[in-house]
Amino acid sequence: MENLAENLKRVRERIAAGAERSGRDPASVTLIAVTKGVDAETICKAIDAGVTDIGENRVQEARDKFPSLPAGVRKHMIGHLQSNKVRHCLELFDMIHSVDRLSLVEELSRRAAARGLVVPVLVQVNVAGEATKHGVEPEALLPFVKRAAGLPGVQIRGLMTMAPYSADPEDARPVFRGLARLAREVAEADVPGVKMEWLSMGMSNDFEVAVEEGANMVRIGTALFGSRRP
Ligand SMILES: *Cc1c(COP(=O)(O)O)cnc(C)c1O
């Protein structure tokens, strides 16, 4: 934990190097510090050190910690979201990365529209086809986007995926390249109201490869906060 500022600096340097290798401006890549299992005091230190965006994967944990955080930090819901947590989720988060089924996007729409909100969401895609992972199947993505785009209260702003863990980050490259290709296909379909603005992909183990393949949001926990988290 003492190394937080140092870890942050190193992660930013690695993001910048990846962006440069792919001919992009490092500033175009948003670092989301994944703070699951990290206490509010440490999150505040990370914000002091320059973190602008945080990600949590549980609504209850966010409810416990967010009241202790300074205003202004952007909050991303990145974990599997149960429909009965949608109401609290909308109160807590600025963007939801884990929209993975029609029933969820319908519930988000209903609750957000009732509150006069338009919530930015990313569609989670199961690019790798892992049975254990959540996400819309690649073949089902465009029909899903077209259905969801017609709903009030939500706006699709991009795609998210998780690559299977592997000791070799190169193994993740086809997954990330696949998500980037799907985002282009959706963009070309030109669905009214849909913006393919964000590609949320890459974690501690594989974010450099993700950035090389076009990620402009990376979700990083362990490389910033260490692995000794519950
Ligand atoms: C935990 C988590 C991350 C961050 O993983 P690290 O390997 O700790 O960087 C990213 N995305 C999601 C959805 C997560 O649950």
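Predicted model only: the values in this text are computed from it and were never measured. As the structure lists them, so they are numbered: ligands from 1, and atoms in each ligand from 1. No hydrogens, no waters, no symmetry mates; every other heavy atom, side chains included, goes into these values.
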For the student: nearest non-hydrogen atoms of L159 and M196, plus distance: CG-SD, 3.9 Å
Under 4.0 Å to a heavy atom of N57 - the qualifying atoms of ligand 1, by number: 15 (O)
SB check K75 E56 (cutoff 4.0 Å): no
Taking every non-hydrogen atom, the tightest pair across L69 and C44: CD2-SG, 3.9 Å
Under 3.5 Å: N/O of N205 near N/O of ligand 1: no
Spacing of CG belonging to N7 relative to CG belonging to L4, to within rounding of 0.5 Å: 6.5 Å
Heteroatom proximity flag, G221 to ligand 1, N/O under 3.5 Å: yes
Element-labelled atoms of ligand 1 that are located less than 4.0 Å from some non-hydrogen atom of S204: 6 (P), 7 (O), 8 (O), 9 (O)
Within reach of ligand 1, part of I78 (heavy-atom separation under 4.0 Å): both
Note: R74-D53 ion pair, threshold 4.0 Å (strictly below): yes
Residues E130, K133: salt bridge by 4.0 Å N-O rule: yes
Where ligand 1 meets T222 - atom numbers and elements under 4.0 angstrom, heavy-atom basis: 6 (P), 7 (O), 8 (O), 9 (O)
Those atoms of ligand 1 less than 4.0 Å from some heavy atom in I220: 9 (O)
Those atoms of ligand 1 less than 4.0 Å from some heavy atom in K36: 1 (C), 2 (C), 3 (C), 14 (C), 15 (O)
Mutual orientation of the aromatic rings belonging to H134 and H80 [parallel < 30°, tilted 30-60°, perpendicular > 60°]: parallel
Residue portion contacting ligand 1 (non-hydrogen atoms closer than 4.0 Å) for H97: neither
